[in-house]
Amino acid sequence: MIRMTEPSKITSQNVPDHQPAAGGIAARARASVGPKYLSGLNPEQREAVETLDGPVLVLAGAGTGKTRVLTTRIAHILSQGRARPAEILSVTFTNKAAREMKHRLGQMLGHAVEGMPWLGTFHSIGGRILRTHAELAQLKSNFTVLDTDDQVRLLKQLLQAENIDDKRWPARMLAGLIDGWKNRGLMPSQVPSGEAAVFGNGKGGKLYASYQERLKILNAADFGDLLLEDIRIFREHPDILRQYQQRFKFILVDEYQDTNVAQYLWLRLLSQAPSSPSFASPRLRGEADAQSAAGEGDSPSTALVETPPHPNPLPASGAREQTPPTKNICCVGDDDQSIYGWRGAEVDNILRFDHDFPGAKVIRLERNYRSTGHILAAASHLIAHNEGRLGKTLRTEDQDGEKVTVTGSWDSEEEARGIGEEIEQIQRKGEKLNEIAILVRASYQMREFEDRFVTLGLPYRVIGGPRFYERAEIRDALAYLRVINSPADDLAFERIVNVPKRGLGDATVQMLHDHARKRRIPLFEAARAVVETDELKPKARGSLREVVAQFDRWRAQREVTAHTDLAQIVLDESGYTEMWQKDRSADAAGRLENLKELVRSMEEFENLQGFLEHISLVMDRDSGADEDAVSLMTLHSAKGLEFDNVFLPGWEEGLFPSQRTLDEQGRAGLEEERRLGHVGLTRARRRAMIYFATNRRIHGTWSTTIPSRFLDELPAANVEITESKGGSAWGGTGGYGASRFDDMEAFGSTYSTPGWQRAQANRNRGGGRNGGGGGSVGSGGFEEQAATFSSSSSSGPDFGSFSSRRRGPLTIEGELVAKSTGTTSEFSLSDRVFHQKFGYGRVTKIDGNKLTIAFDKAGEKKVVDSFVQRA
DNA sequence: GCCCTAGCGCTTTTT
DNA sequence: GCGCTAGGGC
């Protein structure tokens, strides 16, 4: 039996750097793997694995062996005896990725990797650290992690207390704002006042503050807190930070392009060399830094650094601390696969790596082992239209293979039919359905495919969608367990106090709330007190008394009953199981099944507490990947996966690129959409098939769409336009699809599109790096944003050249762009217009560049203005 | 307190 | 087209 270092305890005892872990994984690794694990690597991969000292950025394009490099690097560290398993911090974004790494490491080392206690997602590791020091965040170590739903419900209560109309100011919106602030590392006092004021007539900041207070009272933390509170603890308690710094001899980060500011700060604090206590609480938005950065910068706007009136502010997006010595941190990522900007990811983190981590070694992995030549060329050519890139050129030694196909259909139904037929053909050729994926932009696209597949009897599985623990029945069951575990969990109590129905309605809950607030006690205790009075009607009083008694009983049982048994008892005695058994709706059986699954899954945990700690962080839905089935998922959830055959439906303006992203994020949004396209294409090993439809149902009504601009950006030499089965989409002669796409011929494979040329020019100018040093300190003040925006927007050729990019525009530019370049139509109401396909008509409604036109013959249609002309 | 219905608003991606 | 909510009826 091998004893690993106690994972959850941080000792300040210093372990000598090179002390090999006697008898641990390391020793095994050395003995069993030897240098063999290096032999299959190409020179770049090998360099990425072997460069152990100092910061390393591995730019790993799609399919270049990223995970392999990460896992081999860990194996190498261990086998070299440079660290023990518990001294390696290895973070990923998803549980899936963490599992995958554990799995591959296990294979490499020849056994399971239980000795890697610090391999996990940002959130699970952040949560773990927070639990260790919970009292420093005014929490108990058994705090609850709230998900979005709890968050919103809590905020709703706060809005009500503040008398804010939650129609006009939806709780969901506030949740989004708070999330955004947390993503940027901002505590309530640090939110720029201008931003805090945008919600609820200036009450946004106050609400954020009282939300945080409420969380402490409820002994709860949200996702953002798991990192943000760590950061605060690290800053306020340098001794604690130092313990972690000493412990983690090596840090590895997966998907670095997806990190947000908070994650960046967290990593940065942990990655500093422990021997320099003066940096333990790094200077923030330091004046010196600001000055020098302004000097370095290439635009006067950079000098506008907001100086907030708060003590000890955290840097907002863009502020960089002065650069302390860093230790062995290795970040792996691909700027071309950054698709989470909308939830706070900062591509800049990866773009600026060598500025943040001086002396960083940047290693590019450009050899693709996944896709054929045509697919890779199409993907590369598409992504070359983006301007803010580090620039990589993927290459393959594979054959060209089949060209990427582009197929037009009349409408989305025909699209689904066409893809269904195509899949059946592939199946007839003897290929596995597991090797087929349909990647959509928006989940509502899935429905049509599901309908079709059900009709065809084609097995499919949806990947993504609501997580297991987000289902109502699971959340209800968990709420019961939460109340048992943590009587202060008002949100959980409120959720189930009347589920199943016990005659405890709004009125009762409201009175409990009043009671609780007056005495500053949890709802549960308020309930206990209230049943002793005659404030409630006898009926309600009776049920409430019963509820309180039940919980008291369950809590007592907890001491003597296995947690799985307890859960079963709770579900039965509370009447919850019965509630679903009596339910006649179609999904009741499934829900009961899910409840069983939940109880079963508890076995993996030692006790109730441990189960609840992890449930919200690591529990994901059952994949059921065993049977042969077509995979249906969004482009986002496809990242990291690969399939022989990939279908990419819905390449239409408005859907992909998404109109909303364009409106909200402007140019940055468009580039992110394009990266999404790149991700989609590079999922394919052998065949990539793009589809677009001329008519699609959006919000219930049919509207006409135009092919995605991304189709124009594909290289003709690697693309084949196939006939739709219905044959109507290209519109025969007059269809705009045809004319738009035909233009592409002019660009052809000579790579001479404007975007391509721009990209080339950018690359040549500064190699994508170095130029200007990017000394930005953009801190997020509105004035600065405006200044940055106006300077960049006016400098046509320079805009977006890599060196002139800075944080500000990436986040807030969107809105400004949307407003200023905002597609205001040149048409006015009741203008007489002509459309190639629909003939003459009159404008009845204008929405940006989208016109609603009453056509004389074709009826009312929504059309983008560039496709009509004045009649 | 509960249930039903009509009407409204919203529709991307998720650790 | 859908899901949620508010409001009215029981």
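Numbers restart at 1 for each chain; the letters A, B, ... are given by sequence-line order, proteins then strands.
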Is it the case that the ring center of A/Tyr244 lies less than 6.0 angstrom away from the ring center of A/Phe234?
yes

Between A/Gly505 and A/Glu673, just flag the one whose closest nucleotide in DNA chain B comes earlier from the 5' side.
A/Gly505

Could you state the CG-P distance from A/Asp663 to B/dT11, rounded to the nearest angstrom?
14 Å

State, without any angle test, whether A/Glu162 and A/Gln160 hold a side-chain donor-acceptor pair at a distance under 3.5 Å.
no

So what does A/Lys539 hit on the nucleic acid, given a heavy-atom distance under 4.0 Å: a base, only sugar-phosphate, or nothing?
nothing

Counting heavy atoms from C-beta on, name the nucleotide in C/dG1, B/dT12, B/dG1 closest to the side chain of A/Arg441.
B/dT12

Would you classify A/Arg172 as touching base, sugar-phosphate or nothing, given that sugar-phosphate means primed atoms plus P, OP1 and OP2, and contacts are heavy atoms under 4.0 Å?
nothing

Detail all sub-3.5 Å separations between protein N/O atoms and N/O atoms belonging to nucleotides 4-10 of chain C.
| unit_1 | atom_1 | unit_2 | atom_2 | d |
| --- | --- | --- | --- | --- |
| C/dT5 | OP1 | A/Lys156 | NZ | 3.4 |

Expressed in angstrom and rounded to an integer, what is the separation of A/Arg343 atom CZ from B/dT12 atom C1'?
12 Å

Charged N to carboxylate O under 4.0 angstrom, A/Glu450 versus A/Arg447?
no

Can you tell which of B/dC2, C/dG1, B/dT12 lies closest to the side chain of A/Arg660?
B/dT12

Which of B/dT14, B/dC3, C/dG1 is nearest the side chain of A/Ser637? It is B/dT14

From CG of A/Asp147 over to P of B/dT14, roughly how many Å is that when rounded to an integer?
15 Å

How many whole angstroms separate atom CG of A/Leu676 from atom C1' of B/dT12?
9 Å

Of the candidates B/dT12, B/dT14, C/dC2, the side chain of A/Thr661 sits closest to B/dT12

Using the six-membered ring wherever Trp is involved, compare the ring planes of A/Phe449 and A/Phe453 and label them parallel, tilted or perpendicular (cut-offs 30° and 60°).
tilted

Using the closest heavy atom to pick a nucleotide of DNA chain B for each, name whichever of A/Phe223 or A/Val509 lands nearer the 5' end.
A/Val509

When we call it a touch if two heavy atoms are under 4.0 Å apart, what does A/Asp258 touch: a base, just sugar-phosphate, or nothing?
nothing

Of the listed nucleotides B/dC2, B/dT12, C/dG1, the one nearest the side chain of A/Arg697:
C/dG1

Go through B/dT12, B/dT14, B/dC2 for me and flag the one nearest to the A/Ala442 side chain.
B/dT12

From OH of A/Tyr444 over to C1' of B/dT12, roughly how many Å is that when rounded to an integer?
8 Å

Measure from the side-chain heavy atoms of A/Arg447 and tell me the nearest of B/dC2, C/dC2, B/dT12.
C/dC2

Regarding A/Glu415 and A/Gln445, do their side chains bring together a donor and an acceptor under 3.5 Å, going by distance alone?
no

All ring pair (Phe, Tyr, Trp, His ring centres under 6.0 Å) counterparts of A/Phe493, not counting sequence neighbours:
A/Phe524

Tell me: CG of A/Asp222 to C1' of B/dT14, nearest whole Å?
14 Å

When we call it a touch if two heavy atoms are under 4.0 Å apart, what does A/Thr508 touch: a base, just sugar-phosphate, or nothing?
sugar-phosphate

Angle between ring planes, A/Trp342 versus A/His636, binned at 30° and 60°: parallel, tilted or perpendicular?
perpendicular

Nearest whole Å is fine: how far is B/dT14 P from A/Phe122 CZ?
19 Å

Applied to residues 654-679 of chain A, the ring-ring contact (aromatic ring centres under 6.0 Å, His included) test, sequence neighbours excluded, yields A/Trp651-A/Phe656, A/Phe656-A/Phe710

Regarding A/Ala540, tell me which of base, sugar-phosphate or nothing describes its non-hydrogen contacts under 4.0 Å with the strands shown.
nothing

Protein-nucleotide distance (A/Leu504, atom CG; B/dC2, atom C1'), rounded to Å
13 Å

Under 4.0 Å: is that the gap between some side-chain N or O of A/Ser543 and OP1 or OP2 of B/dG1?
no

